[in-house]
Novice: 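The structure under discussion is supplied below as structure tokens; questions concerning it will follow.
Since the structure is predicted, the reported quantities are computational estimates derived from the model, not experimental observations.
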Amino acid sequence: MVIDILIAGAGQAAAQLALSLRQRGHTGTIAMIGEEPYPPYERPPLSKDYLSGQRETHRLFLRKPEAWAERRIDLHLGCRVAAVSPAARRVTLADGRQLDYGWLVWATGGRPRALSCPGADLAGVHAIRGIADIDRLKGDLTAPKRIVVIGGGYIGLEAAAVLRGLGHTVTVVEMQDRLLARVTSPVVSQYFLDLHRRHGVDVRLSTGVRALRGAGRVTGAELSDGTTVPADIVIVGIGIIPNVEPLAAAGLSCPNGVQVDAHCRTDDPHILAIGDCALHPNPYAGGLVRVESVQNAVDQAKVAAETILGTPKAYDAMPWFWSDQYDLKLQTAGLCAGHGQVVVRGDPSRAPFTAAYLRGGRLVGLDCVGTLKDFVQGKALVTRQAVVDPARLADPAVELKTLA
Ligand SMILES: Cc1cc2nc3c(=O)[nH]c(=O)nc-3n(C[C@H](O)[C@H](O)[C@H](O)COP(=O)(O)OP(=O)(O)OC[C@H]3O[C@@H](n4cnc5c(N)ncnc54)[C@H](O)[C@@H]3O)c2cc1C
């Protein structure tokens, strides 16, 4: 039997695609193949209230487990797509089963990048990507621990904030000379550095990790400056590797994720790709990027649904993201990479404040640090890349909606 829409992966993007197809009246067969044993769930709480113990596992699920069957969406969980044969339109699962498809949609996300230094596989070294990772980490947090977080990106910093809140000793080690270097401006990086230090996190910038030490279990992290930080637990948050090997082996272009066009089409006419694993043309980036966010996963899934339904729409959604650290919410609109000018609304040493990014006089991004109103009002301006007066933009008393 041929499955009309076969989705590799059962995460955020896969779930949205299946739901969108049904909402838009698609009546064919839909199946998701998911490597994890859970029905589709949201990952953002993993480094936030799931790690802190304030959310139970079933409250991560995007829909009640029975909702999938009610919509005739078949879930094959605990299964991995191991190989793809585009010519036969067939996938082979890791257990040897073969399934034929009409459309294959690749929505496999990524796996945590591992450290390459000695000691990377010691017990007590953790990654943060799935429910199982957090459950394993929580199992190690039975008493106050000395924790080294490697990587000062969003996930590492969110984990650091939660773990400090739980009373653990936390050191963050970041190779760049500032936190969140890949995703934000120096002014916002500085704010988060001060915030974490104020909460008692020991942040080491411009510092790498030479080796993890310990016999069987980690006892310390030896840093590039020659010091060794004692550690009962090490959390590695240094990014993800897109899960695209079966597509690359099948001959599809996978330079950094699987390459797609604005309609989520790969170079095979029956294979689409969406979410964290899709290297796509993004008008806000001015080129090909992979974006790791719920917004991107959901909006690309909707675009892929339209491609399948024969009503193609180009992907042009405005990127947005959020991060919760301590009692602070950061909300971002647009992509700040490549901005020319930074205009700060408010005092950047104290939240709330907003960093606004201009390119050629146009507003291309916002980092709203505790400024929900700026986020809500500013999104439309970023979508339009509105020309704004920097002097009025800089005045927090001027509402963003009046700037258009
Ligand atoms: C801890 C954490 C916190 C985050 N916080 C935020 C946030 O605050 N805001 C935000 O916007 N985004 C956040 N994100 C990012 C967001 O969760 C991802 O961008 C989103 O989950 C991507 O969806 P996806 O469907 O592409 O991938 P995923 O949700 O990762 O789903 C992919 C699924 O495919 C499975 N899979 C992989 N290979 C195969 C295979 N060969 N066969 C079958 N199945 C396979 C994987 O096991 C996985 O279950 C966070 C992510 C993490 C890990």
Side-chain angles (χ1 to χ4, degrees), residues 9-17 19-20 40-50 60 62 105-113 128-130 151-159 179-185 188 192 237-244 256-258 260 262 264 272-305 315-325 328-339 355 357 364-369 372 375-376 378-379 382-383:
Q12 187 89 49
Q16 183 63 52
L17 173 68
L19 293 170
S20 292
Y41 65 92
E42 47 174 343
R43 286 174 208 279
L46 293 180
S47 49
K48 305 177 180 77
D49 51 3
Y50 189 64
L60 298 172
L62 288 164
V105 184
W106 202 256
T108 54
R111 58 186 179 280
R113 187 180 295 281
I128 294 188
R129 181 72 194 175
Y154 283 126
I155 289 177
L157 293 182
E158 288 184 350
L179 298 174
L180 300 169
R182 201 170 56 86
V183 287
T184 192
S185 58
V188 176
F192 279 96
I238 56 170
I240 62 167
I241 296 172
N243 291 319
V244 294
N256 164 25
V258 54
V260 296
C264 302
L272 306 178
I274 54 177
D276 282 11
C277 67
L279 179 70
H280 65 275
N282 191 307
Y284 291 81
L288 291 175
V289 281
R290 275 195 317 101
V291 176
E292 296 164 17
S293 73
V294 168
Q295 170 277 318
N296 178 67
V298 167
D299 287 330
Q300 277 186 343
K302 292 178 182 172
V303 165
Y315 181 63
D316 64 355
M318 199 269 294
W320 56 265
F321 188 83
W322 77 97
S323 175
D324 298 333
Q325 294 172 43
L328 192 91
K329 188 176 278 299
L330 166 74
Q331 289 161 297
T332 76
L335 297 173
C336 98
H339 64 266
Y357 304 105
V364 296
L366 290 170
D367 279 330
C368 302
V369 185
L372 172 66
F375 178 70
V376 171
K379 278 199 298 188
V382 174
T383 305

Novice: If the condition is side-chain hydrogen bond (donor to acceptor under 3.5 Å, both in side chains), which residues does Lys329 pass it with, not counting sequence neighbours?
Specialist: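 So Lys329 forms a side-chain hydrogen bond (donor to acceptor under 3.5 Å, both in side chains) with Asp324.
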
Novice: Quick check for you: to the nearest 0.5 Å, what is the distance between Leu330 atom CG and Leu366 atom CG?
Specialist: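 CG of Leu366 is found 11.0 Å from CG of Leu330.
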
Novice: Who pairs with Glu158 by side-chain hydrogen bond (donor to acceptor under 3.5 Å, both in side chains), at least two apart in sequence or on another chain?
Specialist: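 Per chain and number, Glu158 pairs via side-chain hydrogen bond (donor to acceptor under 3.5 Å, both in side chains) with Ser47, Lys48, Ser323.
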
Novice: Please check this pair: side chain of Asn243 against backbone of Thr108, looking for a donor-acceptor N/O pair closer than 3.5 Å.
Specialist: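 Present.
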
Novice: Does Asn256 reach the side chain of Pro242, with side-chain heavy atoms less than 4.5 Å apart?
Specialist: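 Touching, per the 4.5 Å side-chain cut-off.
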
Novice: For Leu328, check side chain to side chain contact (heavy atoms under 4.5 Å, CB included) against everything at least two apart and list the hits.
Specialist: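 Partners of Leu328 under the side chain to side chain contact (heavy atoms under 4.5 Å, CB included) test: Tyr191, Phe192, Leu195, Ala351, Val369.
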
Novice: Hey, does the side chain of Asp299 reach the backbone of Ala317 with a donor-acceptor pair shorter than 3.5 angstrom?
Specialist: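 No, Asp299 side chain to Ala317 backbone: no donor-acceptor pair under 3.5 Å.
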
Novice: Quick check: closest heavy atoms across Trp322 and Val294, and the distance to 0.1 Å?
Specialist: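 So the minimum-distance heavy-atom pair works out to CH2-CG2, 4.1 Å.
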
Novice: Shortest non-hydrogen contact from Leu157 to Gly152?
Specialist: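 Reported closest heavy-atom pair: CD1-O, 3.8 Å.
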
Novice: List the residues meeting side-chain hydrogen bond (donor to acceptor under 3.5 Å, both in side chains) with Ser20, not counting sequence neighbours, and say none if there are none.
Specialist: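 For Ser20, the residues satisfying side-chain hydrogen bond (donor to acceptor under 3.5 Å, both in side chains) (neighbours in sequence not counted) are Gln16.
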
Novice: Please examine the side chains of Glu292 and Ile155, heavy atoms only from C-beta on, and report whether any two atoms are closer than 4.5 Å.
Specialist: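 A side-chain contact under 4.5 Å is absent here.
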
Novice: Taking only residues two or more places apart in sequence or in another chain, which ones pass side-chain hydrogen bond (donor to acceptor under 3.5 Å, both in side chains) with Asp316?
Specialist: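 For Asp316 there are no side-chain hydrogen bond (donor to acceptor under 3.5 Å, both in side chains) partners, ignoring immediate neighbours.
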
Novice: Return each pair, listed once, that meets salt bridge (charged side-chain N to carboxylate O under 4.0 Å, His left out) where at least one residue sits in residues 276-286; pairs must be two or more places apart or across chains.
Specialist: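 Every pair satisfying salt bridge (charged side-chain N to carboxylate O under 4.0 Å, His left out) with a residue in residues 276-286: Arg129-Asp276.
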
Novice: Side chains of Thr383 and Trp320, heavy atoms from C-beta outward: is any pair under 4.5 Å?
Specialist: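 Not touching, per the 4.5 Å side-chain cut-off.
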
Novice: Which atoms form the tightest heavy-atom contact between Ala262 and Pro281, and what is the distance?
Specialist: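 The answer is N-CG, 3.7 Å.
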
Novice: Testing the basics here: between Gly130 and Tyr41, what is the closest heavy-atom pair and its distance to 0.1 Å?
Specialist: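 Closest approach of Gly130 to Tyr41: CA-OH, 3.2 Å.
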
Novice: For Ala278, what residues pass the side chain to side chain contact (heavy atoms under 4.5 Å, CB included) criterion, not counting sequence neighbours?
Specialist: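 If we apply the side chain to side chain contact (heavy atoms under 4.5 Å, CB included) test to Ala278, skipping adjacent residues, the hits are Val260, Ala273, Gln300.
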
Novice: Given side chains that start at C-beta, do those of Arg43 and Gln12 come closer than 4.5 Å, heavy atoms only?
Specialist: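 No, every pair of side-chain atoms sits at 4.5 Å or beyond.
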
Novice: Nearest 0.5 Å, please: how far is CG in Leu62 from CG in Leu19?
Specialist: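 Those atoms lie 8.0 Å apart.
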
Novice: How would you list, by chain and number, every residue that makes a ring pair (Phe, Tyr, Trp, His ring centres under 6.0 Å) with Tyr315, sequence neighbours excluded?
Specialist: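 Once residues adjacent in sequence are excluded, the partners of Tyr315 under the ring pair (Phe, Tyr, Trp, His ring centres under 6.0 Å) criterion are His280.
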
Novice: Starting at CG of Leu272, measure out to CG of Leu17 and round the result to the nearest 0.5 Å.
Specialist: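 So the gap between those two atoms works out to 8.0 Å.
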
Novice: Distance from Leu180 atom CG to Gln325 atom CD, nearest 0.5 Å?
Specialist: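 Here the rounded value is 6.5 Å.
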
Novice: Within the structure provided, determine whether Asp367 and Val183 are in side-chain contact (heavy-atom separation under 4.5 Å).
Specialist: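 When only atoms from C-beta onward are counted, Val183 and Asp367 do not touch, as no gap falls below 4.5 Å.
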
Novice: Kindly write out the residues that satisfy salt bridge (charged side-chain N to carboxylate O under 4.0 Å, His left out) with Arg111, not counting sequence neighbours, or none if the list is empty.
Specialist: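 Partners of Arg111 by the salt bridge (charged side-chain N to carboxylate O under 4.0 Å, His left out) criterion, ordered by chain and then number, come out as Glu245.
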
Novice: Does Tyr154 have any ring pair (Phe, Tyr, Trp, His ring centres under 6.0 Å) partners at least two apart in sequence or in another chain, and if so, which?
Specialist: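 Scan of Tyr154 (ring pair (Phe, Tyr, Trp, His ring centres under 6.0 Å), adjacent residues dropped) gives Phe321.
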
Novice: Going by heavy atoms in the side chains, are Met318 and Tyr284 under 4.5 Å from each other?
Specialist: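 In contact.
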
Novice: Taking only residues two or more places apart in sequence or in another chain, which ones pass side chain to side chain contact (heavy atoms under 4.5 Å, CB included) with Ala107?
Specialist: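 Checked Ala107 against side chain to side chain contact (heavy atoms under 4.5 Å, CB included); matches are Ile7, Ala13, Ala14, Ile274.
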
